[in-house]
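Each remark here refers to the structure printed beneath this line.
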Amino acid sequence: MKNIYHLVVKDIIRFLNDKPAVLLTFIVPMLLITIFGNVFGGKGGGPRSKTNIILVNKSNSVVADLIESKLDTSKSLRMIKKYLPENAKDSIFFDEETAKEFVRTGKIMAAIVMPQDFFLDTSSALRFKFYYDPKNEIESAIVQGAMQQTIMTQIPKVMPIIMKRKAINYIGNDSTARFYRDMSRTVTKYFGVNSDSFMQDLTRVDSSSLFSSSTDTSAEANFMGNIIQFENEQLVGVEIANPGVTRSVGGWAIMFLLFSITGAATSLFEEKQEGTLKRLLCMTVSRADILWSKYIYSTMLGVIQLLVLFVFSWAFFDIDIFSNFFNLMIIVIVSAMAAVSFAMLITSTTKTANQANGVSMLLILVMSALGGSWFPIQFMPEWMQTGAKATMTYWSVEAFLSVLWRNGPLSSVYTNIVVLLVFTVLLNTYSLVRFRNGRVF
Amino acid sequence: MLKIKNITKSFGTITALDNISLNIEKGEFFGLLGPNGAGKTTLINTIIGYLEPELGEVSIDGEVITVENTQLRKKIGYVPQDISLYLELSAYQNLKIFGSIFNLSGNELETKITEVMELVQLSDRKKDKVKDFSGGMKRRINLAVSLLHDPKIILCDEPTVGVDPQSRNAIFEMLHNLNKTGKTILYTTHYMEEAERLCSRLAIIDNGKIIAQGTLVDLINMLEQKETIKIQKTAFTQDHIKLINDMGIISEHDFYYELIVNDKYKQHSKTFIRLEEEGINNEFVQVSRATLEDVFLNLTGRSLRD
Ligand SMILES: Nc1ncnc2c1ncn2[C@@H]1O[C@H](COP(=O)(O)OP(=O)(O)O)[C@@H](O)[C@H]1O
Ligand SMILES: [Mg+2]
């Protein structure tokens, strides 16, 4: 026992004297968590940058103005409306052709055009034009998503007008008026809205009043708000301060856990090379002592590394690690144990440090890509999502998401824990057999 | 105190140790001389219990050493042939780690570290990383580590390979002093000068077999001729060497001829007179005592160096 303790202390001293290892274990993952956390939406490290897109509003419609004003306040998009032509002193508004030209030449990623017939008094649909460079398809999708989100929030205001127009088109003015009168009585009765003002709003066929009657207290807003509730609220991760970082911290932590632990375990090769392993074995140390000390040291390093990374993301990104800390700890420990068994498998099946590094690098990268360390596996085709389940990375990352993102109870990650423990037992058994046959030392 | 009995150890088809038996008494400075690949390291590995022999056994004070019986190794200070240190750590950190394995701690360990660092004359370099040391300094730390736990027996496996003369002398002096304080030392080397200078008794090993053992005098006495005559090789002597063919057997070396004279020239005076007559001046001739090199040559027909 004493030997094992001294050997663990030895490994810790060696680790602390190995600056690249310390860097790779703690600093590099912190950097990556920060970078990727910000890419996928976060607030750490300064305000998020907005994506510039051109907005051309040719429509006279109030609805267009409404949407424009809403887009102006978007958190993710910045609307560019004017440009400075060559040899000109003052910048002028974009027209559709110039906007297209800007996109075509790559000066800007995308342009939204609301044409003159964007929302004619007689029409019942909104007409947008969206120009983008297919080379930026992913970004365009993000921009379109952001746009849709902005526009959707305005739907409750535009909806009654569209509905009314449809009604007039289909059943004629008189019937529509009758319908609304009946309707208003019913609505007044059940939803407690002032019947007169409601009627006034409902029967307005033009849309000019959208701004004049204050939208929030107006009857139709109440009405629509009472009937159709657009829950723009996130249903999962409700109180998450930093969804992007919360997502990425688990993934990157697991990937670097695998790297650092494999490094810790394969230091056996280095010690063999240095002769220090033999020297220890020529002292009072047994081979079992060496193996135990490597297991214990690697697991400890893994747990400490994960904890440091989580505390880092708590300190700098407000990730809430403490309200579900017990469950988080359980997953941290189980993940570290699984990673150690992976590292021992590598150590017991390779012959030199170079071999071990090559094989582990390849396997860790594949497991990380497939298992969801880099991006949510929902982005991947179905067959890959199935393949992900063969990696221990997947089970760890999902477990971290469960406890951090969904704030889930321990029962929500039972499966993950069991799968990780099965990995651990299987791999350890196999490598112990290899070690016993004396292939490594 | 150290008994090696009928040890045989092979690697595949190579028999590295072939029925080796040695007895090393308490307080001896015992040398194991043999060329590269003779089996010296394998023997040391078996003594320390790192390797399990196929046949035979090693015992210390009557207790048999096995791979499992790790506690017995506390009596042994093992100095590996290769530098076996944590190169990225300081000398002090190395000593501390290895000392802790021998259950030394606290003040006792600090005192021991100071003591051995003084012994190897590196006290002022305690905090420096081992990788920044010269070959000789690494060797001295390599040795210091083995002395921390005050072992009764020190096994030194070629501790002077790749060492500058200054460090080499420091090591010799150190081992000599340790031996005087009562430590038993087993010293392997392929330098016959080292064996002659240090060891009170020695064994010559070749191809896994002990081919001779005894004191230096015993071994030299095995030779018919206790002295050799060397003639320095010059442009001048090269021309005249043919003329003394009848004096005995002449062998040619890089820088000299060695002459083993026949009975007629047993007396040195006769040899010198004859050589003078043939035009080989006395200043080119040297009579020297036979060495272990000669013993080895005599026993194997090969030189120690190749
Ligand atoms: N681990 C090993 N595997 C195979 N052969 C070995 C091993 N160790 C030593 N040998 C062989 O055993 C013989 C003796 O080696 P060694 O004891 O190292 O010689 P020395 O130390 O006298 O130079 C050599 O022929 C060497 O090649
Ligand atoms: Mg050797």
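Here is the naming used below: chain letters follow the sequence lines, and residue numbers restart at 1 for every chain.
- Heavy atoms closer than 4.5 Å to chain A are found in both the backbone and the side chain of B:Phe98.
- Both the backbone and the side chain of B:Val145 have a heavy atom closer than 4.5 Å to some heavy atom of chain A.
- Of the listed residues (B:Ser105, B:Ser100, B:Ser146), the one with the most heavy-atom contacts under 4.5 Å to chain A is B:Ser100.
- Nearest heavy atom pair, residue B:Tyr86 against residue A:Glu274, reads CD2-OE1, 3.5 Å.
- For chain B, no part of A:Glu270 is nearby; none of its heavy atoms comes within less than 4.5 Å.
- The 12-atom threshold is exceeded at CG of B:Asp124, counting heavy atoms of other residues, nucleotides or ligands nearer than 6.0 Å.
- Between B:Lys74 and A:Thr284, the closest heavy-atom pair is CG-CG2, 3.6 Å.
- Considering CG of B:Leu87 and CG of A:Asn17, their distance stands at 12.0 Å, rounded to 0.5 Å.
- When the shell of 6.0 Å around OH of A:Tyr5 is examined, it contains 12 or fewer heavy atoms from other residues, nucleotides or ligands.
- If you measure heavy-atom distances from B:Ile97 to chain A, the contacts under 4.5 Å come from the side chain alone.
- At most 12 non-hydrogen atoms from other residues, nucleotides or ligands lie less than 6.0 angstrom from CZ of A:Phe326.
- Of all heavy-atom pairs between A:Leu280 and B:Ile101, the closest is CD2-CG1, 3.9 Å.
- The side-chain heavy atoms of B:Asn103 and A:Lys2, taken from C-beta on, include a pair separated by under 4.5 Å.
- Residue contact with chain A, scored on non-hydrogen atoms closer than 4.5 Å, involves the side chain of B:Leu89 exclusively.
- Side chain to side chain, A:Lys278 and B:Asn45 meet the donor-acceptor criterion of an N or O pair below 3.5 Å.
- No more than 12 heavy atoms of other residues, nucleotides or ligands lie within 6.0 Å of NZ in B:Lys5, so this atom counts as exposed by the packing criterion.
- The environment of A:Gln355 atom CD is dense: over 12 non-hydrogen atoms of other residues, nucleotides or ligands sit within 6.0 angstrom.
- When heavy atoms are compared at a cutoff of 4.5 Å, B:Ile83 approaches chain A solely by way of its backbone atoms N, CA, C and O.
- Stacking of A:Arg287 on the aromatic ring of B:Tyr50 is recorded, both the 6.0 Å distance cut-off and the 45° axial limit being met.
- Counting heavy-atom neighbours within 6.0 Å of B:Lys3 NZ, excluding the residue itself, gives a total of 12 or less.
- Comparing B:Gln71, B:Gln93, B:His149, B:Lys96 by how many heavy-atom pairs each has under 4.5 Å with chain A, the most go to B:Gln93.
- Rounded to the nearest 0.5 angstrom, B:Ile47 CD1 and A:Cys282 SG are separated by 11.5 Å.
- Of the N and O atoms on the side chains of B:Asn142 and A:Arg279, at least one donor lies less than 3.5 Å from an acceptor on the other residue.
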